[in-house]
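Everything below concerns the one structure shown next.
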Amino acid sequence: MNELGQLAMDHWKTWLPEQYQQIPDPETHFAALGQTAHEQMIQIEEDILRASPADPDYLKEVGRRNMARLTARETILSELLPTPPQSDDDAQDPTPSPIDPTGMPSDPSHPLWADLDDDSISPAEFQARRKAWIDSLPIR
């Protein structure tokens, strides 16, 4: 079994155990799936490489080929590893995260937002206040 087949089998065992149990011969199934996925990945990589001309600069060409390989792999893995079904517990987000994607409070009225705009507070002092706030949050 190749790497792609092993990845798929591990994914199904972990995230789709009920469906995995229904496969009569998982080793054979995922070995064949991995081989097919590998062939498709090579085809996608070749298509990507054909779509743009080769670069005469050696390092740029290596980068172009690596990017084609990685893009092909990402495409195949997104098809090969199905998204696990969302459980009822996951669907109900009981409490929103207190931290936004930038690492600041989700609540715009939190004092840290005012500290951010306060020129009398040094960056080091702001970072210390932010760290203290994050350390005070309960672990989820």
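Keep in mind that the numbers below use all heavy atoms, side chains included, and drop hydrogens, waters and symmetry copies.
- For the atom pair Phe30 CZ and Asp25 CG, the distance stands at 10.5 Å (nearest 0.5 Å).
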Intermediate values then yes/no, side chain to side chain contact (heavy atoms under 4.5 Å, CB included), Leu7 and Leu80: CA-CA 9 Å; Leu7 278 170; Leu80 190 64; 5.5 Å; no
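- Using a 4.5 Å cut-off on side-chain heavy atoms (C-beta onward), Gln43 and Glu39 make no contact.
- The distance from the CG atom of Asp115 to the CZ atom of Arg130 is 12.5 Å, given to the nearest 0.5 Å.
- The main-chain N or O of Pro24 is never found under 3.5 Å from a side-chain atom of His29 such that the two would form a donor-acceptor pair.
- Here the closest heavy-atom approach between residue Ala54 and residue Glu61 is recorded as CA-OE1, 3.4 Å.
- Here the straight-line distance linking atom CG of Leu4 with atom CD of Gln35 works out to 9.5 Å at 0.5 Å rounding.
- In the hydrophobic cluster analysis, where Ile, Leu, Val, Met, Phe, Trp and Tyr join through side-chain heavy atoms closer than 4.5 angstrom, Ile23 is grouped together with Met9.
- With values rounded to the nearest 0.5 angstrom, Gln6 atom CD is found 6.5 Å from Lys13 atom NZ.
- The line from CH2 of Trp113 to CE of Met104 is 4.5 Å long, rounded to the nearest 0.5 Å.
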Working for side chain to side chain contact (heavy atoms under 4.5 Å, CB included), residues Phe126 and Arg129: CA-CA 5 Å; Phe126 174 78; Arg129 289 180 182 187; 5.5 Å; no
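- Hydrophobic clustering, with ILVMFWY side chains joined whenever heavy atoms are under 4.5 angstrom apart, groups Ile121 together with Ile134.
- A distance-only check finds no donor-acceptor pair linking the side chain of Trp12 to the backbone of Gln19 [under 3.5 Å].
- Ion pairing between a basic and an acidic side chain is recognised when a charged N comes within 4.0 Å of a carboxylate O; Arg64 and Asp55 show no such pairing.
- The minimum heavy-atom distance linking Gly34 with Asn2 is given by the pair O-ND2, 2.9 Å.
- Taken to the nearest 0.5 Å, the NE2 atom of His38 stands 11.5 Å off from the CD atom of Gln40.
- Across every non-hydrogen atom of Ala8 and Leu33, the tightest pair is CB-CD2, 4.1 Å.
- Hydrophobic cluster membership differs between Leu77 and Met67, with clusters built from Ile, Leu, Val, Met, Phe, Trp and Tyr side chains linked at under 4.5 angstrom.
- Under the 3.5 Å distance criterion, the side-chain polar atoms of Thr71 are left unmatched by any main-chain donor or acceptor of Ala68.
- Hydrophobic clustering of Ile, Leu, Val, Met, Phe, Trp and Tyr side chains at less than 4.5 Å, counting indirect connections, keeps Ile76 apart from Leu49.
- Closest of all the heavy-atom pairs between Ser106 and Pro108 is O-CD, 3.2 Å.
- Under the 4.5 Å side-chain heavy-atom criterion for Ile, Leu, Val, Met, Phe, Trp and Tyr, Leu112 and Ile99 are members of the same hydrophobic cluster.
- Considering Glu45, Glu3, Glu79 as possible partners of Arg73, the one that fulfils the salt bridge (charged side-chain N to carboxylate O under 4.0 Å, His left out) test is Glu3.
- Residue Trp15 qualifies as open at atom CH2: its count of foreign heavy atoms under 6.0 Å is 12 or below.
- The two residues Thr14 and Pro17 have their closest heavy-atom pair at O-CD, 4.0 Å.
- For Tyr20 against Pro26, the heavy-atom pair with the smallest separation is OH-CB, 3.3 Å.
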